[in-house]
Amino acid sequence: MKGMSLIVKKVAQLIAGLIFLYGIYIMVHGHLTPGGGFAGGALIAGSYILAILAYGSDTIKLKKEETGTSLTESISIFIALMLAVAGFFIGTKVFFNNYLPSGKIGELISAGVIPLYNIFIGIEVAAALITIFLALIIYKEEIEE
Amino acid sequence: MNSLIPLFVIIPLATAFLIPIIGKITNYFAKTITPIILLALSILSISFLFYGKHESYIIGGWQPVENIPIAIYLVLDGFSCLVLCITSLIGFLVSFYSISYIKKYTSENNFYALFCLMIAGMNGVVLSGDIFNLFVFLEISVIASYALVAFGVGKNELEASFKYQVLGNIASFLILFSIALLYWQTKTLNIADISKVLQNYDNSIFLTFTQIILITGFGLKAAIIPFHAWLPDAHSSAPSPISAMLSGVLIKAVGVYVLVRLFFNMFVFTYEIGVLVAVLGTLSMIVGSLLAINQWDIKRLLAYSSISQIGYIMIGFGIGMMILTKGGEASIAVLAIAGSLFHMVNHSVFKGLLFLGAGAIEFRTNTRDMSQLGGLSENMPITSTTSLGASMSISGIPPFNGFFSKLIIIIAAIQGKFYLLALLAVIVSIITLAYFLKFQKSVFYGKNKNYKNIKEVPFAMSFSMIILVILCIGLSVLAIPSIREVILDQAVSSLINMDHYINLVIQY
């Protein structure tokens, strides 16, 4: 897949970073504002997909990137599960127990483990969406060959 | 609260996530860890079954507020424990069988990861005491199964998987719709809480509407006859261990189990619903067996026979419902429901075995066409003997377990004065015998035309089949009243005593 014109490349370059930052914002404020892990992760994946579409897939090694994203996906969802399992060993000893101090309502660092779940689910969703996108490109290029 | 119930979901889920990570380093991880965890889970579930452990588990430790449960509940009672045993045990044998079988496909790691995901979803469905989480776990298990059906990525596999996805999504939509309707009317999603609300509820039109939608949705998942179109394709195109899992466990865990659980423990069922369940069951029993006779593809024949056997299970529950609502003798209803549960256990054992046997034949000969095969009993003695056992069992020949479960259902039908149902059950049993004799004759006996130099399957495959055929004979002991009381009657009593289930969740 080839890249697009210079104008598109420049605009994508300017915007992709902002989208990425906005995705992180949505993700870490999941317990305070609407949105959360899934929405933030989708935005982060969007910024990567925008960059790949603008610059073309020839500039990256597709197979290697796909291995990386699928590995990231598995590791982050596993960590999210382990955060839930940690509740077995701490505090009232139940699955999904919120064992961290809950803090003050409205502050960024509050609500115990919930922001951590949001962050890891965000990483998982971002990695999964990029993996799907890369798999589709790989499939298309294999058909064209 | 040191309970082990959530392990049934956590362990397969964690394994499913670990396999893609560690599988990058070594190929042996996936195929060793999957049978090990499933063996551990089956030991755990069997011990639960014998200790009669009934309890509920509050996820996150959110205690009820003013007796209204707000947390997600996991509920373990006799019925769910029985289904957990089936899932784990058949899952263990199937995953052990796959060690040899799956070598002919690439990407073994994906296979085992999806397999664990499917098990986690089914265990979640069985344990969940919350109707929305039940839906989430149901989607986890069926989406994993869509991918597994298409695992061969050939033309037929993809077509079957697509058909399965379309019909499965219609079913999921109907189920979600009815959950939304229930939430709208009762303002709660907890099964026990809904049932408490529905006991003092008199909008019968709304209830009937929801019940019909639910029956359609879960009927599609359980492949009862008017909704069966996806099953023969999906179950025959999947890799054989997955066919065994789909036919043996999945249609029961996400179809029959949920249907029965919701109707016995959540709704106050009426006589009409009982009639509907019995009629649908009879229809699947007869039409499934008639469609199976003319099949020449081994796995299609087995798939149609699954529809027919699901019919037997539904008939037992239908008879139980009809007798209970008419105020007849409770002992006959208990007998009918126990017979159904017994047949459910038996069906997963012998249908699993038959699909594994079909997989063994396909593994060595690369064909599923019965007209091409013949005389394999000399070349493959273990496959031949085990699948003979399973065929005898499914058609109801005395020392095997299938005979006793069908007998119990038929006795209950006669005692409850449903003579026509009893007669039809006997006739369908004879038709079943006919098409399994055809299967035996054209595959294992007769003249060996094309496949003279084939060998018996490897150890891992034959081991699973031998264990299953031993179970086929061994499970007959469940028919002995004193053993039945320990295992089956606990499940039945947790179904027909509505308060039992509610008390597990809501402690007054």
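Residue numbers start from 1 in every chain, and the chains themselves are labelled A, B, ... in the order their sequence lines are given, proteins ahead of strands.
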Enquirer: Heavy-atom distances under 4.5 Å only: say whether B/P6 touches chain A with side chain, backbone, both or neither.
Expert: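 B/P6 touches chain A through side-chain heavy atoms alone.
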Enquirer: How close do B/I21 and A/S74 get, counting heavy atoms only, and between which atoms?
Expert: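 Closest approach of B/I21 to A/S74: CG1-CB, 3.5 Å.
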Enquirer: Roughly how far, to the nearest 0.5 Å, is the CD1 atom of B/I10 from the CE atom of A/M82?
Expert: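 Separation between the atoms: 7.5 Å.
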Enquirer: Taking everything shown except A/K61 itself, do over 12 heavy atoms lie less than 6.0 Å from its NZ?
Expert: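 Open.
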Enquirer: Return yes when atom OH of B/Y28 has more than 12 non-hydrogen atoms of other residues, nucleotides or ligands closer than 6.0 Å, and no otherwise.
Expert: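 At most 12 heavy atoms, drawn from other residues, nucleotides or ligands, come within 6.0 Å of this atom.
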Enquirer: Does NZ belonging to A/K10 count more than 12 external heavy atoms closer than 6.0 Å?
Expert: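 Not buried by this count: 12 neighbours or fewer within 6.0 Å.
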Enquirer: In this structure, are over 12 heavy atoms from other groups packed under 6.0 Å from B/E159 atom CD?
Expert: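 Counting neighbours around CD of B/E159, 12 or fewer heavy atoms of other residues, nucleotides or ligands fall under 6.0 Å, so no.
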Enquirer: Taking side chain as everything from C-beta outward and backbone as N, CA, C, O, which of these in A/T67 sits under 4.5 Å from a heavy atom of chain B? Side chain, backbone, both or neither.
Expert: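 Both backbone and side chain.
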Enquirer: In Å and rounded to the nearest 0.5 Å, what is the CG to CZ distance from B/L4 to A/F88?
Expert: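 Separation between the atoms: 7.5 Å.
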Enquirer: Roughly how far apart are A/I75 CD1 and B/L18 CG, rounded to 0.5 Å?
Expert: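 So the CD1 of A/I75 and the CG of B/L18 are separated by 10.0 Å.
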Enquirer: Tell me whether A/K140 at atom NZ has more than 12 heavy atoms from other residues, nucleotides or ligands lying less than 6.0 Å away.
Expert: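 Counting other residues, nucleotides and ligands, NZ of A/K140 stays at 12 neighbours or fewer.
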Enquirer: A/I77 versus chain B, heavy atoms under 4.5 Å apart: side chain, backbone, both or neither?
Expert: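 When you check distances to chain B, atoms from both the backbone and side chain of A/I77 fall under 4.5 Å.
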Enquirer: Do other residues, nucleotides or ligands put more than 12 heavy atoms under 6.0 Å from A/I105 CD1?
Expert: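 It does not: A/I105 CD1 has 12 such atoms or fewer within range.
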